[in-house]
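Below: one structure, written as structure tokens.
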Amino acid sequence: MAKLSLKNREAKRQALVAKYAKKRAQLKAVLADAQAGEEAHAAARAQLQAMPRNANPTRLRNRCALTGRPRGVFSKFGLGRHKVRELAFRGEIPGLVKASW
């Protein structure tokens with residue numbers, strides 16, 4: 001089980017990403033616009049760099065919703081592989097059955 005501090009840090013990152021998502025999208029649009037001048041590009045780049053690092057969505061990490069484990073997370077369920085297996089064997093995940101052939 002992950003430490004509570006790691007879970008809280010990830011929650012804080014998610015809040016920052018949500019807070020700055022609209023502004024980041026606007027600045028990225030300015031940078032992608034070929035019609036914008038050099039000054040506009042430079043200003044947009046400076047504003048992007050001035051944002052907090054954790055506002056970047058690439059810094060988010062998928063974690064298991066139950067245990068906080070960072071690796072082996074099934075995005076379809078939001079659970080780590082251990083918990084998916086455990087819940088599937090108990091029949092608590094609808095539609096998921098053990099494979100047999």
Practice task
Kindly indicate, with the supporting measurements, whether the criterion side-chain contact (heavy atoms from CB on, under 4.5 Å) is fulfilled by Val73 and Arg81.
Solution key: CA-CA 6 Å; Val73 177; Arg81 58 190 174 89; over 6 Å; no

Exercise for the section: Please check if the side chain of Arg69 supplies one atom and the backbone of Arg71 the other of a donor-acceptor pair under 3.5 Å. Expected result: yes

Practice task
Any chance you could measure Leu16, atom CG, to Leu60, atom CG, to the nearest 0.5 Å?
Solution key: 9.5 Å

Problem - Common cluster, Leu48/Val30, ILVMFWY with side-chain heavy-atom separation under 4.5 Å - result: no

Practice task
Decide if atom CZ of Arg59 counts as having more than 12 heavy atoms of other residues, nucleotides or ligands within a radius under 6.0 Å.
Solution key: yes

Practice task
Kindly work out whether a path of hydrophobic side-chain contacts (I/L/V/M/F/W/Y, heavy atoms less than 4.5 Å apart) joins Val17 to Met51.
Solution key: no

Practice task
Quick one: pull up CZ in Arg45 and CD in Gln47 and give me the separation to the nearest 0.5 Å.
Solution key: 11.5 Å

Practice task
Before giving the answer on side-chain contact (heavy atoms from CB on, under 4.5 Å), spell out for His41 and Leu31 the whole-Å C-alpha distance, their side-chain angles and the decisive distance to 0.1 Å.
Solution key: CA-CA 5 Å; His41 281 263; Leu31 289 173; 3.9 Å; yes

Handout entry: Nearest non-hydrogen partners of Cys64 and Gly80, listed with the distance
Key = SG-N, 3.2 Å

Exercise for the section: May I ask you to check whether over 12 heavy atoms, not counting those of Arg53, lie within 6.0 Å of atom CZ? Expected result: no

Completion exercise
In terms of heavy-atom contacts, Arg24 and Pro57 come closest through NE-CD, 3.9 Å

Exercise for the section: Kindly compute the distance separating CD (Glu92) from CD (Glu86), expressed to the nearest 0.5 Å. Expected result: 8.0 Å

Exercise for the section: Could you tell me whether Lys7 and Glu10 make a salt bridge, using a distance below 4.0 angstrom between a side-chain N and a carboxylate O? Expected result: no

Problem - Leu87 and Phe77, any side-chain heavy atoms less than 4.5 Å apart - result: no

Completion exercise
Tightest non-hydrogen contact, residues Ala2 and Gly68, listed as CB-O, 3.4 Å

Completion exercise
Between the CG atom in Asn54 and the NZ atom in Lys19, the distance rounded to the nearest 0.5 Å is 12.5 Å

Exercise for the section: Take atom CZ of Arg85 as the centre, draw a 6.0 Å sphere, and report whether it contains more than 12 heavy atoms from other residues, nucleotides or ligands. Expected result: no

Problem - Glu38 CD: over 12 foreign heavy atoms closer than 6.0 Å - result: no

Problem - From Lys3 atom NZ to Leu6 atom CG, the distance as rounded to the nearest 0.5 Å - result: 5.5 Å

Problem - Interatomic spacing from CZ in Phe74 to CD1 in Ile93 - rounded to 0.5 Å - result: 9.0 Å

